[in-house]
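Basis for what follows: all heavy atoms, side chains included, without hydrogens, waters or symmetry-related copies. Quantities reported herein were computed from a predicted structural model and do not represent experimental measurements.
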2 protein chains.
Amino acid sequence: MSESKANPRDNILDAAQRVAGKEGAGNLTLDKVACECGMSKGGLLYNFPNKDALLAGMLDRLLEQHRSMMDSEEKSLAGEPNACLKAMLGANACHEVADPGVYLSLLAASAHKPELMAPVKETLAEYYQRLQNESSDPDMATILWLAAEGLIFHAILGLAPYSQSEKNRLFQKLMQISEEAL
Amino acid sequence: MSESKANPRDNILDAAQRVAGKEGAGNLTLDKVACECGMSKGGLLYNFPNKDALLAGMLDRLLEQHRSMMDSEEKSLAGEPNACLKAMLGANACHEVADPGVYLSLLAASAHKPELMAPVKETLAEYYQRLQNESSDPDMATILWLAAEGLIFHAILGLAPYSQSEKNRLFQKLMQISEEAL
DNA sequence: ATGTCTTTACCGTCTGGCTGGTACAGTAGA
DNA sequence: TCTACTGTACCAGCCAGACGGTAAAGACAT
């Protein structure tokens with residue numbers, strides 16, 4: 001009957017993302033999130049015992065989604081040279097297109113309590129290490145990855161001076177270079 | 001006699017930057033800033049009539065510093081091909097090294113009230129336009145610029161998985177590519 | 001030089017609204 | 001009846017900003 005009735009945790013996480021987008025990442029409050037997902041504050045706090053847990057949950061889901069995208073991306077690239085880099089670029093691109101705003105949790109968490117970012121930092125360190133070990137030209141691979149990160153950060157801060165389609169073209173270009181130039 | 005007695009506005013802006021670094025960009029409060037620069041809240045509000053003005057002041061100074069760095073960088077590169085790109089990369093690198101933390105104002109402003117970022121967006125748009133018009137390979141130039149931006153954003157979010165010296169090497173590498181590859 | 005008047009730059013307190021978090025009484029389904 | 005969850009009422013702390021001082025430094029007239 002109801003397809004939109006995902007589990008309550010995901011409903012809440014989605015709502016939090018929307019609030020962060022509408023009000024600014026630093027103005028995410030429990031009341032607003034509860035209201036946005038049509039739930040009472042009590043209900044919200046039943047699912048996430050406090051604000052830190054909510055933010056951590058957002059980051060956790062982001063990381064998990066990103067990782068699974070990378071894995072599937074990598075599987076379809078099996079064996080190709082620089083598969084790791086290509087999968088990372090692909091995951092960044094897909095993830096951003098599928099749900100612009102997922103990355104807002106980074107801003108929200110970092111604004112509220114930078115310590116919450118530790119798992120993100122670990123994940124990034126792991127990716128970076130793989131990039132160094134599995135790329136034919138590690139420096140160039142790092143640069144291409146950083147450019148993709150730059151695209152993401154411009155997007156979440158609302159600073160991008162290029163259109164959506166130009167952004168997509170730039171992602172394409174990054175992938176293309178990762179085939180040709182190294 | 002006293003060199004550290006800059007004008008009060010700059011003292012306050014510096015203090016605000018320090019607070020943003022210590023407490024997290026979203027926890028910048030007027031009380032903390034006043035305390036950090038050894039001034040009362042009343043005194044602070046005399047210099048900046050409200051919080052928005054303080055944040056806007058931080059962004060304004062950031063933009064101004066960045067622009068002046070780009071200008072001087074560009075002057076010393078006069079006539080070289082892709083001078084614009086090189087100046088942008090140089091300014092990003094210098095600025096970040098001179099005062100890691102300048103860019104925290106971006107996070108603070110964006111967390112508090114995204115609208116404050118409008119001037120930043122305009123400036124970025126202008127830079128991007130110049131990059132398109134004055135580069136021999138606009139796409140590649142954009143990618144190198146985005147990589148530099150990625151480095152900055154990793155730094156302000158405390159996510160960089162590479163050391164300071166690796167970061168410097170990456171900046172070097174970016175400049176090198178901007179000479180060679182286009 | 002003396003007294004008054006203004007301006008500048010700042011101080012410290014107060015307040016009302018918002019926020020995170022708690023307590024608890026309820027309710028629907030198994 | 002037990003479990004899983006909802007929703008209301010409430011509180012204590014924090015925050016932005018308003019406001020009423022005040023001390024020091026001129027300005028101006030006498």
_side-chain hydrogen bond (donor to acceptor under 3.5 Å, both in side chains) between A:Gln172 and A:Gln176, worked out_ = CA-CA 6 Å; A:Gln172 284 304 121; A:Gln176 186 188 319; over 6 Å; no
With sequence neighbours left out, what residues match [X] under ring pair (Phe, Tyr, Trp, His ring centres under 6.0 Å)?
{"X": "B:His112", "value": "none"}
{"X": "B:Phe171", "value": "none"}
{"X": "A:Phe48", "value": "none"}

Any residue meeting side-chain hydrogen bond (donor to acceptor under 3.5 Å, both in side chains) with [X], in chain and number order, not counting sequence neighbours:
{"X": "A:Asp139", "result": "B:Arg169"}
{"X": "B:Ser136", "result": "B:Asn82"}
{"X": "A:Glu36", "result": "A:Arg18, A:Lys22"}
{"X": "A:Gln132", "result": "A:Thr142"}

*Of all of residues 54-62 of chain A, which get a heavy atom below 4.0 angstrom from DNA chain D, listed by number?*
none
_Residue pairs passing the side-chain hydrogen bond (donor to acceptor under 3.5 Å, both in side chains) test where at least one lies in residues 145-161 of chain B, sequence neighbours excluded_ = A:Glu149-B:His154, A:His154-B:Glu149, B:Asn92-B:Glu149, B:His154-B:Tyr162
_Filter on side-chain hydrogen bond (donor to acceptor under 3.5 Å, both in side chains), then keep only pairs touching residues 93-102 of chain B, sequence neighbours left out; what's left?_
B:Gln65-B:His95, B:His95-B:Tyr103, B:Glu96-B:Lys167
*Atom-pair distance (CE on A:Met39; C1' on D:dT8), nearest Å*: 15 Å
_Whole-Å distance separating the CG atom of A:Leu44 from the P atom of D:dT8_ = 14 Å
Using nucleotides 7-9 of chain C, report all nitrogen or oxygen pairs with the protein that are shorter than 3.5 Å.
residue : atom : partner : partner atom : Å
C:dA9   : OP2  : B:Tyr46 : OH           : 3.2

*asked:* Within the 4.0 Å limit for protein heavy atoms, which parts of nucleotides 12-30 of chain C are touched? Write it as a string from 5' to 3', B for base, S for sugar-phosphate only, - for none.
replied: B------SBBB--------
